[in-house]
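Owing to the predicted nature of the structure, the values given are computational and were not obtained by experimental measurement. The figures here come from the full heavy-atom set of this structure, side chains too, leaving out hydrogens, waters and symmetry mates.
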Amino acid sequence: MESIPKEWGFKFTKRKPFIFLANVPPQIYATFQENLFRFPGFSASLRSSRSYPHPVAAHLLGYMSEVDQKTIDGGQGRYVTGDYHGLSGLEYQYEEMLRGEKGEKWLYLDRLGRNVGSVKAEKDAIVGSNLKTTIDLDLQQYGESLMVNKIGTVIAIEPATGEILSMISAPTYNPRSLRIGRGRGPAFTALQRDTLQPLLNRAINGKYAPGSPFKTLVSLIGLQTGTLEANRGMACKGGFWSGGKMLLGCHAHGYINNVEQAIAQSCNNYFVTAWLENVNRFGAESPVEGLDTFNDYLYQFGLGQKLGIDFPGEIKGFIPDSDFFEKRFEDERNWKAIWVRSLAIGQGEFEMTSLQIANFIAAIANRGHWYTPHLVRQVQEGNESVTRNLPPERHDIAIDREHDEPVANGLRQTVLGGTARLAHIPNIDICGKTSNVQNRFGDHSVFTAFAPKDNPKIAILVYIENGGYGGSIAAPIASLMTEKYINGSIAKNRKWLEQRIFDKDMTQLWERTIREVK
């Protein structure tokens, strides 16, 4: 025993029992049990280990790991060497509940650590809690299959409750590959070295510009503050012009008659004009008060702050305010809102998480309120199996309800005759908004939607990095997932669209982008 290699990893002691070999495969364990009489001093001990029956939702579930010394020292006696704990995802977030409490037994031992007396039970163990999540397994599986060979994220929320129905970060991996066992180390190393970054949870940690879906917020805030009227008409000469120069382009479309049509056609000139009139309403020479007042509404939609999801690692995102621009333009006497006009169409300095974008679409679906997004609905606690519901918190937005319908109607018209025709679902009134968010390595494809229009059951965001036009790939994915969730299956006459998404491989573009960055 004195020559045991150090790389075996256990702590040898002559006085106390110690783990000689952990995570023994079943076939080796069976052989050992048959020959146990040949190994005096050795014994086998069974312990429970987490398993994942479905090869999906890896980022959501997270993974476990053996505790390190720092965790043991700070665990107030809850952990000892060899224990496991959640290290990411729900495994980490609900570690306290999932772990339960250890029982205690007192043993009478001799000086060599051998049991020589009776056993006195001091404390019964309490089993860990069972969690009932909000995830719709069929929808999660289907969404992950659509996102194969694509880079991005999908988040689906039930607007009426804030329950997250699906949370996908692509590319992903099989959660079984990182369960406790001997093959875990090589699997983790392979995932770390993968240039597609499958360990990165883009759904909760990615920072994105919202793009054209932000125009819905410009509409609502403008209608509420009185700087925009629902029937406001406006011509578009190919983009936003000022001083005889085009400062921001737009795609070809006809005269815009009202807010509904502006949303359906996604007119950049309309929304830059509306945003500037709002931000400059206290004086064009100083947009400070106007911008900060505009941002106050954005905060009510949960932007620029953590939403409070029951999941680790959530970030705040970034909403630029007047202080930010005062510092950026400190060499200028007075900065002008027109200098940062790209904010009007959801680009520029905005940084939002996928969850935040999906959540403000859920708020629009609800016509003015949202519930804290969450992943766990119920907890079944301890030995007595007491079930406890976890009700979400409601957040109301100070925008009059009369302004909701023009925006909802515009989102419906976007699908019926605007920029998102591929998202149309027969017999389901889906409302949506496309966007192609500018990026120097290839525009991102974005689509947000909710359905049905009245009493919506699902709000969804699909964000495909370097995916191009929002109506070409993001919109079909959102449409298919919405149809799957509401109808339970995809209609035969839409199977061609489903197959087209299955066949689409966008990883080569990403890998080429990585090489260019390096």
Given 3.5 Å as the limit, does a donor-acceptor pair link the side chain of [X] with the main chain of [Y], or not?
| X | Y | answer |
| --- | --- | --- |
| Thr172 | Val56 | no |
| Arg394 | Pro392 | no |
| Asn366 | Pro159 | yes |
| Gln300 | Ala398 | yes |
| Asn205 | Leu200 | no |
| Thr134 | His374 | yes |
| Ser169 | Arg202 | yes |
| Ser445 | Ala474 | yes |
| His85 | Glu91 | no |
| Asn295 | Pro320 | yes |

### Message
So for atom CG, which belongs to Asn427, do other residues, nucleotides or ligands contribute more than 12 heavy atoms lying within a distance under 6.0 Å?
### Response
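No.
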
### Query
Counting heavy atoms not belonging to Arg193, are there more than 12 under 6.0 Å from its CZ?
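For Arg193, atom CZ is not crowded (no more than 12 foreign heavy atoms under 6.0 Å).
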
### Query
Can you pull the side chain to side chain donor-acceptor pair (under 3.5 Å) pairs that have at least one residue in residues 477-488, sequence neighbours excluded?
Ser479-Arg494, Glu483-Arg494

### Message
Give me each pair satisfying side chain to side chain donor-acceptor pair (under 3.5 Å) with a member in residues 305-314, each pair once, sequence neighbours excluded.
### Response
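Qualifying pairs, neighbours excluded: Tyr94-Asp310.
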
### Task
For residues Tyr173 and His59, establish whether the separation of their ring centroids is below 6.0 Å.
yes

### Task
For the residue pair Thr434 and Thr419, confirm or rule out a side-chain donor-acceptor distance under 3.5 Å.
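On atom types as modelled, these side chains qualify, holding a pair under 3.5 Å.
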
### Query
Do the side-chain N and O atoms of Ser166 and Gln140 include a donor-acceptor pair separated by under 3.5 angstrom?
yes

### Task
Using side chain to side chain donor-acceptor pair (under 3.5 Å) as the criterion, list what pairs up with Gln141, not counting sequence neighbours.
none

Residues in ring-ring contact (aromatic ring centres under 6.0 Å, His included) with [X], at least two apart?
| X | result |
| --- | --- |
| Tyr299 | none |
| Phe350 | Phe214 |
| His424 | none |
| Tyr92 | none |

May I ask you to test the [X]-[Y] pair for a side-chain heavy-atom distance under 4.5 Å?
| X | Y | answer |
| --- | --- | --- |
| Phe447 | Ile464 | no |
| Tyr63 | Pro175 | no |
| Arg412 | Ile430 | yes |
| Asp404 | Ile364 | no |
| Val218 | Phe294 | yes |
| Tyr371 | Thr161 | no |

Look up atom [atom1] in [X] and atom [atom2] in [Y], then write down how far apart they are to the nearest 0.5 Å.
| X | Y | atom1 | atom2 | answer |
| --- | --- | --- | --- | --- |
| Thr353 | Lys316 | OG1 | NZ | 12.5 Å |
| Tyr297 | Ile397 | OH | CD1 | 11.5 Å |
| Ile357 | Thr448 | CD1 | OG1 | 8.5 Å |
| Asp292 | Asp323 | CG | CG | 7.0 Å |
| Arg500 | Leu480 | CZ | CG | 9.5 Å |

#### Entry: Evaluation steps, side chain to side chain contact (heavy atoms under 4.5 Å, CB included), between Leu303 and Leu217
CA-CA 11 Å; Leu303 303 177; Leu217 301 184; 3.8 Å; yes

Do any side-chain atoms of residues 452-459 form donor-acceptor pairs under 3.5 angstrom with protein atoms, and if so which ones, sequence neighbours left out?
| residue | atom | partner | partner atom | Å |
| --- | --- | --- | --- | --- |
| Lys453 | NZ | Glu405 | OE1 | 3.3 |
| Lys453 | NZ | Asn409 | OD1 | 3.0 |

#### Entry: Partner residues of Arg184 under the salt bridge (Lys or Arg N to Asp or Glu O under 4.0 Å) criterion, sequence neighbours left out
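By the salt bridge (Lys or Arg N to Asp or Glu O under 4.0 Å) rule, Arg184 matches no residue at all.
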
### Task
Taking salt bridge (Lys or Arg N to Asp or Glu O under 4.0 Å) as the test, write out the residues that go with Glu101, two or more places apart.
Lys123

### Message
Checking side-chain hydrogen bond (donor to acceptor under 3.5 Å, both in side chains) between Asn130 and each of Glu381, Gln378, Gln380, which is the one that passes?
### Response
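Single pass found, and it is Gln380.
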
### Summary of salt bridge (charged side-chain N to carboxylate O under 4.0 Å, His left out) pairs that have at least one residue in residues 151-176, sequence neighbours excluded
Glu163-Arg377

### Message
Applying salt bridge (charged side-chain N to carboxylate O under 4.0 Å, His left out) as the test, list every pair that has at least one member in residues 137-157; sequence neighbours left out.
### Response
none

### Query
Does the pair Thr216 and Phe360 meet the rule for a side chain to side chain contact (heavy atoms under 4.5 Å, CB included), with working shown?
CA-CA 10 Å; Thr216 57; Phe360 82 65; 4.0 Å; yes

### Task
Describe, in one word, how the ring planes of Tyr463 and His444 are oriented to each other, choosing from parallel (under 30°), tilted (30 to 60°) and perpendicular (over 60°).
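The rings of Tyr463 and His444 sit tilted, inter-plane angle from 30° to 60°.
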
### Message
Run Leu411 and Ile361 through side chain to side chain contact (heavy atoms under 4.5 Å, CB included) and show every step you take.
### Response
CA-CA 11 Å; Leu411 293 173; Ile361 295 303; 5.8 Å; no

### Query
Going through the distances and angles, do Phe311 and Asn201 end up as a side chain to side chain contact (heavy atoms under 4.5 Å, CB included)?
CA-CA 11 Å; Phe311 197 83; Asn201 189 347; 3.4 Å; yes

